[in-house]
Chemist: 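Structure incoming, see below.
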Amino acid sequence: MANVASADPAIFLRLGVAMTALQGSIGALNDVVDAPKDAGHKPGKPIPAGLVSVAVARAVVAAAAGLGLALAVPSGPWTLALAVVVLAIGYGYDLAFKGTAWSWLPFAVGIPLLPVFGWLGTTGSLPASFAVLLPVAVVAGSSLAIANARADMERDAAAGVDSVAVRLGSERSWAIEAALLAVVVGAALVTLVRADATTGSLVAAVGAGVLIAIGVALGRSDDSARRERAWQLQAVAVGLLGAAWLAGMELANRPGHLLGG
C-alpha cells in the first residue's frame with residue numbers, strides 16, 4: 001500500500017518489513033498457542049514437526065514485535081500507535097478470540113488497518129477516499145475470518161470449539177463468506193468505473209475478483225486442506241484487489257484528508 005502512495009523506496013521497504021515482522025510475531029504466537037492442538041493433527045507446522053521449539057517460537061514473538069515497532073518509529077507517533085494496535089488485535093485473536101464465535105471480529109477490525117499503516121506511514125495523512133475503502137475492508141476482513149474458521153471446522157467441532165464456522169454450519173458459513181466477498185468485489189468494481197479508472201486498474205481488479213471467486217469455489221470442498229488453501233488464496237486475492245483499487249483511484253493525487261495534513 002505504501003508503494004501505491006508513491007513512497008520513497010527506502011520508506012516502502014522499511015514499512016513493508018515492519019508489517020511483515022508484526023505479522024510474523026502474531027503468527028508465531030498463534031503457533032505457540034496452537035501447539036498442543038496441532039500435535040498429531042498438523043505435522044507440517046514448525047512446532048509439531050520438531051523444526052522449532054516452543055521456546056524459540058516465543059523468542060520470535062518478542063523479537064519480531066520489537067523489530068516491527070522499531071521500524072514504525074521513523075514514520076511518527078500515529079504509525080507507531082497503529083503498529084501497537086495491530087499487535088494488540090493479532091494477539092487478541094491468538095489468545096482470546098480464535099476458536100470462538102467472535103473470531104471474525106479481529107479480522108474485521110485488523111484488515112482495514114493494513115492500508116492505513118502503509119499510507120499513513122508514508123504520507124502522514126489519509127486520503128478522503130479511505131472513507132470508502134475502510135468499510136469495505138471491514139467486510140473483507142469478516143469474510144476472510146469465516147474462510148479461515150472453515151479451514152479447521154471439523155477439528156474445532158471435534159474439540160468442542162465454538163468457532164464462527166461451527167456455529168453457522170458448513171453451508172451457511174460458506175454462503176455468508178461468498179456473499180460478503182461478492183459485496184467487496186462489486187464495491188471495488190463499481191467505484192473504479194465511476195471514478196473513470198484506467199483500463200489497467202480495472203483489468204487488475206477483475207483478475208483479483210476472479211481469483212477470489214476461485215478461492216470461494218474451492219472453499220466449499222469437504223477437504224480441510226483444500227479449504228485452507230482456498231482461504232489463503234482469498235487472502236492474497238483480496239490484497240491484490242485492494243492494491244488495484246488504490247492504484248486505480250489515484251488516491252495520492254486527490255485532495256482532502258481524514259487525518260493529518
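Side chains included, hydrogens not; waters and symmetry mates left out as well; all remaining heavy atoms used. For reference, positions follow the sequence shown, starting with 1. Given the structure is predicted, the values throughout are model-derived calculations rather than measurements.
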Chemist: Run the side chain to side chain contact (heavy atoms under 4.5 Å, CB included) test against V85 and tell me which residues pass, sequence neighbours left out.
Modeler: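 Checked V85 against side chain to side chain contact (heavy atoms under 4.5 Å, CB included); matches are I89, L113.
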Chemist: Would you please test K98 and N30 for side chain to side chain contact (heavy atoms under 4.5 Å, CB included) and show each step?
Modeler: CA-CA 9 Å; K98 185 177 181 179; N30 182 65; 2.8 Å; yes
Chemist: Provide the full list of salt bridge (Lys or Arg N to Asp or Glu O under 4.0 Å) pairs with a residue in residues 127-138, sequence neighbours left out, each pair given once.
Modeler: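 Output for this query is empty, none listed.
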Chemist: Please give me the minimum heavy-atom distance between A72 and L80, naming the atom from each residue.
Modeler: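 Looks like CB-CA, 4.1 Å.
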Chemist: From L82 CG over to M19 CE, what is the distance, rounded to the nearest 0.5 angstrom?
Modeler: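 The CG atom of L82 sits 8.0 Å away from the CE atom of M19.
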Chemist: When rounded to the nearest 0.5 angstrom, what is the spacing between CG in L233 and CD in E228?
Modeler: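 Answer rounded to 0.5 Å: 13.0 Å.
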Chemist: Would you list the atom pairs, donor with acceptor, under 3.5 Å between side chains in residues 179-186 and any protein atom, with sequence neighbours excluded?
Modeler:
none

Chemist: Roughly how far, to the nearest 0.5 Å, is the OG1 atom of T198 from the CG atom of L192?
Modeler: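 Here the interatomic distance stands at 8.5 Å.
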Chemist: Report yes or no: do F117 and I11 belong to one cluster of Ile/Leu/Val/Met/Phe/Trp/Tyr joined by side chain heavy-atom distances under 4.5 Å?
Modeler: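 Looking at the clustering, I11 is in the same group as F117.
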Chemist: May I ask you to test the E177-V164 pair for a side-chain heavy-atom distance under 4.5 Å?
Modeler: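 A side-chain contact is absent here, since even the closest heavy-atom pair is not under 4.5 Å.
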Chemist: Please report the interatomic distance OG(S163) to CG(D152), rounded to the nearest 0.5 Å.
Modeler: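 Rounded to the nearest 0.5 Å, the OG-CG separation comes to 8.0 Å.
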Chemist: Go through the structure and list residues passing side chain to side chain contact (heavy atoms under 4.5 Å, CB included) with T191, not counting sequence neighbours.
Modeler: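 Per chain and number, T191 pairs via side chain to side chain contact (heavy atoms under 4.5 Å, CB included) with V132, W245.
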Chemist: Using side-chain heavy atoms (C-beta onward) and a distance below 4.5 Å, is V60 in contact with D31?
Modeler: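 No, too far: nothing below the 4.5 Å cut-off.
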Chemist: I need the minimum non-hydrogen distance between V238 and A140, along with the two atoms involved.
Modeler: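 Taking V238 first and A140 second, the nearest heavy atoms are CG1-CB, 4.0 Å.
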Chemist: Has the side chain of T123 got a donor or acceptor atom that lies under 3.5 Å from a matching backbone atom of L120?
Modeler: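 Checked: no pair found.
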Chemist: Say you draw a straight line from CZ of R172 to CZ of R167; how long is it, rounded to the nearest 0.5 Å?
Modeler: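 Result: 10.0 Å between the selected atoms.
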Chemist: Side chains of Y93 and I26, heavy atoms from C-beta outward: is any pair under 4.5 Å?
Modeler: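 Not touching, per the 4.5 Å side-chain cut-off.
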Chemist: Working to the nearest 0.5 angstrom, can you tell me the gap between L246 CG and F130 CZ?
Modeler: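 Here the rounded value is 5.5 Å.
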Chemist: Listed by chain and number, what are the side chain to side chain contact (heavy atoms under 4.5 Å, CB included) partners of V32, not counting sequence neighbours?
Modeler: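 V32 satisfies side chain to side chain contact (heavy atoms under 4.5 Å, CB included) with I47, V54, A57, R58 once adjacent residues are dropped.
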Chemist: Is a side-chain N or O of R227 found less than 3.5 angstrom from the main chain of S221, in a donor-acceptor match?
Modeler: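 Side chain of R227 to backbone of S221, a donor-acceptor pair under 3.5 Å: yes, one is there.
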Chemist: Can you list every pair that meets salt bridge (Lys or Arg N to Asp or Glu O under 4.0 Å) and has a residue in residues 116-138, with sequence neighbours left out?
Modeler: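 Applying salt bridge (Lys or Arg N to Asp or Glu O under 4.0 Å) to every pair that reaches into residues 116-138, excluding sequence neighbours, yields nothing.
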Chemist: Which Ile, Leu, Val, Met, Phe, Trp or Tyr residues join V17 in one cluster when any pair of side-chain heavy atoms under 4.5 Å counts as a link?
Modeler: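 In the cluster with V17 are L13, L67, L71.
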Chemist: Side chain to side chain donor-acceptor pair (under 3.5 Å) with S142: which residues, sequence neighbours excluded?
Modeler: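 Once residues adjacent in sequence are excluded, S142 has no partner under the side chain to side chain donor-acceptor pair (under 3.5 Å) criterion.
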Chemist: Using the test side chain to side chain donor-acceptor pair (under 3.5 Å), find all partners of S143 that sit at least two apart in sequence or belong to another chain.
Modeler: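 Once residues adjacent in sequence are excluded, S143 has no partner under the side chain to side chain donor-acceptor pair (under 3.5 Å) criterion.
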Chemist: For the side chain of Q234 and the backbone of G215, is there at least one donor-acceptor N/O pair under 3.5 Å apart?
Modeler: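 Flag set: sc Q234 to bb G215 pair under 3.5 Å.
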Chemist: So, the side chain of R150 versus the backbone of S173: is there a donor-acceptor pair under 3.5 Å, distance only?
Modeler: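 Here the side-chain-to-backbone pair does not exist.
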Chemist: Looking only at atom types and distance, does a side-chain atom of W174 sit under 3.5 Å from a main-chain N or O of A217, one as donor and one as acceptor?
Modeler: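 Side chain of W174 to backbone of A217, a donor-acceptor pair under 3.5 Å: no, none is there.
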Chemist: Check whether V138 and F107 end up in the same hydrophobic cluster, where Ile, Leu, Val, Met, Phe, Trp and Tyr are linked by side-chain heavy atoms less than 4.5 Å apart.
Modeler: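 No; F107 is not reachable from V138 via cluster members.
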Chemist: Going by side chain to side chain donor-acceptor pair (under 3.5 Å), name the residues that satisfy it together with W231, two or more places apart in sequence or in a different chain.
Modeler: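 Here the qualifying residues are N148.
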Chemist: Looking at residues at least two apart in the chain, or sitting in another chain, which of them share a side chain to side chain donor-acceptor pair (under 3.5 Å) with Q232?
Modeler: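 Q232 satisfies side chain to side chain donor-acceptor pair (under 3.5 Å) with no other residue.
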Chemist: Is a side-chain donor or acceptor of S103 paired with a backbone partner of T100 at a separation under 3.5 angstrom?
Modeler: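 Yes: the side chain of S103 pairs with the backbone of T100.
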Chemist: Can you list, by chain and residue number, the hydrophobic cluster partners of M153 when the side-chain cut-off is 4.5 Å?
Modeler: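 Listed partners: V166.
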